[in-house]
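All remarks here apply to the structure that follows.
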Amino acid sequence: MSLRERSRRTEIVDRVIDWFSANQRDFPWREPECSPWGILVSEVMSQQTQMSRVEPKWHEFMSLWPTPADMAAAPVAEVIRRWDRLGYPRRAVNLHRCATAIVENHGGEVPSDRDALLALPAIGAYTSAAVASFAFLRCEPVVDTNIRRVLARAIHGEAIAWDANPRRDDAEMSELLPEDPQRAKLWNAGAMELGAIVCPSKKPQCEVCPIAQLCEWRARNYPASTRKARGQAKFAGSDRQLRGRVMAILRRHPEGVLFDSLPDLVEPLAADSGTSVDISHAERTLLLAEDLIRDGLATRAAERIRLPH
DNA sequence: AAACCGGGGTT
DNA sequence: AACCCAGGTTT
């Protein structure tokens, strides 16, 4: 890499840190007194979920379960019920498993080592690095969807980022990571914030961007990407929607319901529903209920199905 | 590499 | 109605 390119990248990092220091949004998990557990909870809740929806739920959880031991002592059913409609309810189950593992294997303290974090249930490349950097000031490369987009544009001149790839992502971000842990944290959080606020996938606000003059995508006059954004399955009529409705029933009935009554309790979906068109609504509902049991979101005893203890 | 996993906000 | 969101796991 040329000396000039090296200098450009260093300046990108510096400017993002300055911008973030002055312009970051206030979130409770960014307060200096926030515990590592609070940061971990915020990161899990934030997976595929907007901050605006996370914040009230985070306050509720921290009030109910201020430490891992508090959550580990609660029935998982209660965590699922309180998770309510935040989405991806397995995260509630996994968070409870995290709390239990932290109590059993780490004396009730969130581990500071990235590999130990990675070993926790449903803590992957992103969340392990985020907690290590934000809660423990470790120099770990944080890469989320925002950062991949910012790097694709500013560094590589491409509109759309590559697919998530932990090895490549770590290498890309490590190259830019400041050695000072505090600055590493500001760069990690700042690059993410820049992608979320100034450089979203559509309508980037280059006029207020602190690195517009250094941006390779801008220098090339915003070429369209040759790669394709990943399409997503329709939600209306999908299995995911039906699972959500079954979970809503289970949340509403602490004592559980008769397994065979589930199809009657769940409102029928629209007729033009998704892929599994050849089986009845009742059959499909009961099949998906079995999946929920397998996934640890429900249990079945005798003829009743309910949230797990 | 691609599919699956919720639900709500935005455009 | 399509797209997006501080991802992770499974196949």
Side-chain angles (χ1 to χ4, degrees), chain A residues 20 24-25 27-30 38-58 80 83-95 97-98 117-135 140-150 160-169 173 185 187-197 199-204 227-248 250-251 269-270 272 274-276 288 291-292 294-297:
Chain A
F20 180 67
Q24 64 174 300
R25 294 171 291 180
F27 289 120
W29 48 86
R30 284 180 175 170
I39 290 173
L40 191 157
V41 171
S42 81
E43 294 299 343
V44 171
M45 286 183 170
S46 300
Q47 293 166 1
Q48 299 292 287
T49 307
Q50 297 91 329
M51 301 292 102
S52 57
R53 298 182 57 215
V54 166
E55 192 161 353
K57 186 58 68 182
W58 183 88
I80 296 171
W83 193 265
D84 197 35
R85 301 176 155 216
L86 200 58
Y88 295 127
R90 310 198 246 227
R91 293 185 295 170
V93 177
N94 287 329
L95 192 56
R97 289 181 181 147
C98 275
L117 288 161
L118 208 43
L120 296 173
I123 302 300
Y126 164 76
T127 309
S128 60
V131 173
S133 176
F134 302 156
E140 298 290 350
V142 173
V143 182
D144 77 326
T145 182
N146 290 307
I147 291 180
R148 277 200 309 281
R149 184 174 54 253
V150 168
I160 297 178
W162 58 93
D163 289 338
N165 178 329
R167 291 173 58 89
R168 174 182 175 179
D169 295 347
M173 196 63 177
K185 171 177 174 174
W187 162 242
N188 282 330
M192 221 176 343
E193 187 90 334
L194 188 73
I197 301 303
C199 196
S201 88
K202 305 204 165 173
K203 300 198 176 186
R227 82 182 78 248
K228 264 224 169 98
R230 182 81 58 230
Q232 56 229 33
K234 233 185 277 202
F235 181 64
S238 66
D239 283 357
R240 288 163 65 161
Q241 183 182 48
L242 184 50
R243 281 171 61 106
R245 294 185 182 191
V246 173
M247 287 304 299
L250 298 183
R251 272 192 245 103
L269 293 173
D272 63 342
T275 52
S276 27
L288 289 177
D291 290 343
L292 293 175
R294 185 202 56 206
D295 292 345
L297 286 161

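Order of the sequence lines sets the chain letters (A, B, ...), proteins ahead of strands, with each chain counted from 1. The model shown is predicted, which means the values in this text are computed figures rather than measured ones.
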Heavy-atom nearest nucleotide on DNA chain B taken for A:Ala164 and for A:Ala248; more 5' hit belongs to A:Ala164

Hey, does A:Ala125 reach any base, or is it just sugar-phosphate, or nothing, if we go heavy atoms under 4.0 Å? sugar-phosphate

How is A:Lys203 classified with respect to the nucleic acid when contacts are heavy atoms under 4.0 Å: base, sugar-phosphate, or nothing? nothing

Within the side chain of A:Arg243, is there an N or O that forms a donor-acceptor pair under 3.5 Å with the backbone of A:Leu288? no

Rounded to whole Å, the NZ-C1' distance (A:Lys57 to C:dA6) equals 19 Å

The answer to which of A:Arg91 and A:Asn165 contacts DNA chain B further toward the 5' end, by nearest nucleotide, is A:Asn165

Integer angstrom distance from the P of B:dC4 to that of C:dA6: 23 Å

By nearest-nucleotide position on DNA chain C, the 5'-leaning member of A:Ile123 and A:Ser46 is A:Ser46

message = I'd like to know whether A:Arg25 forms a salt bridge (Lys or Arg N to Asp or Glu O under 4.0 Å) with A:Glu55, so could you lay out the CA-CA distance, the side-chain angles of the two residues, the decisive distance to 0.1 Å, and finally the verdict.
response = CA-CA 12 Å; A:Arg25 294 171 291 180; A:Glu55 192 161 353; over 6 Å; no

Note to self: So A:Arg90 and A:Trp83, do their side chains get closer than 4.5 Å, heavy atoms only?
What the structure shows: no

Would you indicate what A:Arg294 reaches in the nucleic acid, counting non-hydrogen atoms under 4.0 angstrom: base, sugar-phosphate, or nothing? nothing

Practice task
Please work out if A:Trp162 contacts a base, only the sugar-phosphate, or nothing of the nucleic acid, heavy-atom cut-off 4.0 Å.
Solution key: nothing

*Could you tell me whether A:Arg85 contacts a base, only the sugar-phosphate backbone, or nothing, with contacts defined as non-hydrogen atoms closer than 4.0 Å?*
sugar-phosphate

message: Check whether A:Arg148 reaches the backbone of A:Val143 with its side chain - one donor and one acceptor, N or O, closer than 3.5 Å.
response: no

* **B:dG8 and C:dG8, which share atom name P, separated by this distance in whole Å** => 23 Å

Exercise. Mind checking A:Ala130 for me? I need base, sugar-phosphate or nothing, with any heavy atom below 4.0 Å counting as a touch.
Key: nothing

- [ ] Using a 4.0 Å heavy-atom cut-off across all strands, classify A:Thr145 as base, sugar-phosphate, or nothing.
- [x] sugar-phosphate

DNA chain B: first to last nucleotide in contact with chain A (atom under 4.0 angstrom from a heavy atom), 5' to 3', is B:dA2 to B:dG8

side-chain contact (heavy atoms from CB on, under 4.5 Å) test vs A:Cys98 passes for just one of A:Leu117, A:Thr127, A:Ile123, namely A:Ile123

- Query: Taking it one step at a time, do A:Tyr126 and A:Gln47 satisfy side-chain hydrogen bond (donor to acceptor under 3.5 Å, both in side chains)?
  - Reply: CA-CA 10 Å; A:Tyr126 164 76; A:Gln47 293 166 1; over 6 Å; no

Under 4.0 Å between any heavy atoms, over every strand shown, what does A:Thr49 touch: base, sugar-phosphate, or nothing? Just pick one.
base

Can you find a side-chain donor-acceptor pair between A:Arg149 and A:Asn146 that sits under 3.5 Å?
yes

Considering every strand and a 4.0 Å limit on heavy-atom distances, what is the contact class for A:Pro200: base, sugar-phosphate, or nothing? nothing

Short question: side chain of A:Lys185, backbone of A:Ser133 - any donor-acceptor pair under 3.5 Å?
no

Atom CH2 of A:Trp58 and atom P of C:dA6 are separated, to the nearest Å, by 18 Å

Note: for A:Arg25 and A:Leu118 on DNA chain C, the residue whose nearest nucleotide lies more 5' is A:Arg25

Checklist entry - Do any side-chain nitrogens or oxygens of A:Arg149 fall under 4.0 Å of OP1 or OP2 in C:dC5? => result yes

Among C:dA6, C:dG7, C:dT9, the one nearest any side-chain atom of A:Asn146 is C:dA6

At under 4.0 Å between heavy atoms, what does A:Ile147 touch on the DNA or RNA strands: base, sugar-phosphate, or nothing?
nothing

| said: Please classify the nucleic acid contact of A:Ser52 as base, sugar-phosphate, or nothing, using heavy-atom distances under 4.0 Å. | reply: nothing

With sugar-phosphate meaning primed atoms plus P, OP1 and OP2, does A:Gly87 contact a base, only sugar-phosphate, or nothing at under 4.0 Å between heavy atoms? base

(Q) Does a side-chain N or O of A:Gln48 approach OP1 or OP2 of C:dG7 to a distance below 4.0 Å, or not? (A) yes

